Amino acid sequence: MRHAHPVAVVRAAEAAVMARLPAGTLMQRAAAALAAVAGRLLRRRVGRVYGARVGILVGSGDNGGDALFAGARLARAGARVVAVPLGARVHAGGRDALTDAGGSFGSAADLADVDLVLDGIVGIGGRPGLRPEAVAALRRVPADATVVAVDVPSGVDPDTGEVCGTAVRADVTVTFGAFKPGLLIDPGAEHAGRIEYVDIGLGPFLPTPWLTVLDDEDLPARLPRLARTADKYQRGVLGVVAGSPRYTGAAVLTVGGALRTGIGMVRFVGAAEPADRVRARWPEAVVTVLPDDARDVAAAGRVQAWVVGPGLEPDDVGHALVAQVLAMPVPVVVDAGGLAVLAADRSLLDGRRAPTVLTPHAGELARLLRMPPGGRRDIEEHRLAFARRAADEFGATVLLKGTTTCVASPSGLVRVNPTGTPVLATAGSGDVLSGVIGALLAGGLSAFDAASVGAYLHGLAAQLVSGPAGRPISATDLWAALPDAIPGRPDSREW
Ligand SMILES: NC(=O)C1=CN([C@@H]2O[C@H](COP(=O)(O)OP(=O)(O)OC[C@H]3O[C@@H](n4cnc5c(N)ncnc54)[C@H](O)[C@@H]3O)[C@@H](O)[C@H]2O)[C@H](O)CC1
Ligand SMILES: [K+]
């Protein structure tokens, strides 16, 4: 599992380590690793370091210092290194090291033919927005040069991933001591390119992280256990309240998402029209048709978790359905029309003790939070902060969908999903996701694990079916791919 720490935490750990080490040790560790990555990229690009042309964009802080010391190492290996100072001063030790190693200082015009650029404009000490001279220098970087960001791409807010104006777009970001949240969340993640993490010894001084990213190897232990003796009820039963005469497909998609994730049973509860469609497509689902007034959802039978909302209309019937489901003492996923009902009547969450997962996109969250017009954009630009705020305000796990899906728990933890792909931006894909999360909840996962593992599997399924070329997919394609996205579970080996 990867984890990230905000700047204030990194600074504190850095101070603790530096107090125990000779001055400059951390910068030398950072510079050595940075030079090694740059050297590798140069060998791949031009076959060697000797004679390769390297430009360095140098701001006035220690980020520039890292870049200058790395440049000195490359110059000693024979690279032709030119540094372009962009601030009022440059790191004195770094400046001397570079010139001693045979590197030079020049102007932005000297960047015209470089093979590789080190972006040492600003790191974790940057204020939002790059200064005009930095923006002008970036324009002189050849379009085909390899760009290596030092610690963070300059212009990206390291704590949030926000970009204000121009920011460096890196091929590789070499980050020191800890991942910064802004490297993992768009738009920052997109600007960072591939991330190379360098351990400079901060580990023992970093607290338990609140922001994590699941990796493939984290999944098996986090999936529901499939005990040898389990019957379908012990494995988990999910109730699905979805679809309306107008949106029948959502019901079919949600049930399919749950079934293909692996579950003991799905009970579908809804109006006659979606119920018929569900029965026809998924004979394995147990279907209950509700009367027109939508009374008595609970009579459908016992379940371990519910999904409510995909394809529901936020009318009186929709309200009655959401109210009944949220009144039950089991975990609930609320999506789509269910979120619209909640936005109009937040009191439906009052008194709820069982876990709740809300799965809004930015527009839905803006309505839930009752934000003024423009709220959606605000959320898209500050995804991390809004996901955490909503989780806190609703006392629910909030999965904020979007270019980097963020899952926030009411206790302040966040998982950023690494498997998202733009091919998932297609109608019905969210309905499948709510079924996946519902199945994991019914299988006994915590709300935070169910939402974050669900998002991971959903993204992975999309990647599997769309392939490396990113072939277009539709939501129903996810059904077939989901079982392949789910890794073997360690507890199932006895089979
Ligand atoms: N964290 C660690 O353990 C280590 C960090 N290292 C590197 O040091 C930087 C942080 O250095 P710092 O001097 O504190 O700040 P910066 O260099 O990021 O920037 C401050 C510098 O830049 C000027 N400035 C601020 N904002 C802007 C802007 N928008 N445009 C232009 N210039 C700006 C400001 O005036 C300051 O002078 C960290 O990222 C690592 O790269 C260590 O070397 C290793 C240990
Ligand atoms: K930088």
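Numbering starts at 1 and runs along the sequence shown. Keep in mind the model is a prediction, meaning the values are calculated, not measured. All ligand and atom numbering here is 1-based and tracks the order in the structure.
The N, O or S atom of Asp119 with the smallest distance to the K ion (ligand 2) is O.
Within ligand 1, counting atoms from 1 as listed, the ones closer than 4.0 Å to a heavy atom of Gly129 are 28 (C), 29 (N), 30 (N).
Interatomic distance, Ile486 CD1 to Leu460 CG, rounded to the nearest 0.5 Å: 9.5 Å. Residue His5 holds its NE2 atom at 10.0 Å from CH2 of Trp210, rounded to the nearest 0.5 Å. Between the CG atom in Leu42 and the CZ atom in Arg44 there is a gap of 10.5 Å [rounded to 0.5 Å]. One distance of note links CD1 of Ile185 with NZ of Lys180; it measures 14.0 Å at 0.5 Å rounding.
With Arg415 as reference, Asp449 is the one residue of Thr397, Thr405, Asp449 to meet the side chain to side chain donor-acceptor pair (under 3.5 Å) rule.
Salt bridge annotation for Asp477-Arg471: absent, with no cationic side-chain nitrogen under 4.0 angstrom from a carboxylate oxygen.
In this structure, OD1 of Asn63 and O of Val152 enclose an angle of 140° at the K ion (ligand 2), rounded to 10°. At the K ion (ligand 2), the vertex angle linking OG of Ser154 with O of Val122 is 70° (nearest 10 degrees).
Proximity of Val152 to ligand 1, defined as any heavy-atom pair under 4.0 Å, is not found for any part of the residue. Counting heavy atoms closer than 4.0 Å to ligand 1, residue Asp66 contributes side-chain atoms (C-beta onward) but none from N, CA, C or O. For Asn63, heavy-atom contacts with ligand 1 shorter than 4.0 Å involve the backbone as well as the side chain. Contacts of Arg29 with ligand 1, taken as heavy-atom pairs under 4.0 Å, are absent altogether. Of all the heavy atoms of Asp62, the ones lying under 4.0 Å from any atom of ligand 1 are found in both the backbone and the side chain. Heavy atoms of Arg89 found under 4.0 angstrom from ligand 1 belong exclusively to the side chain.
Considering backbone and side-chain N/O of Gly125, one or more are found under 3.5 Å from N/O of ligand 1. Taking only nitrogen or oxygen atoms, main chain and side chain alike, Leu202 does not reach within less than 3.5 Å of ligand 1. Of the N or O atoms in Gly123, one or more lie within a sub-3.5 Å distance of an N or O in ligand 1.
Using bins of under 30°, 30° to 60° and over 60° for the plane-to-plane angle, the ring pair Tyr197/Phe179 lands in the parallel bin.
Using modelled atom types, one finds a donor on one side chain and an acceptor on the other under 3.5 Å when comparing Tyr456 with Asp216.
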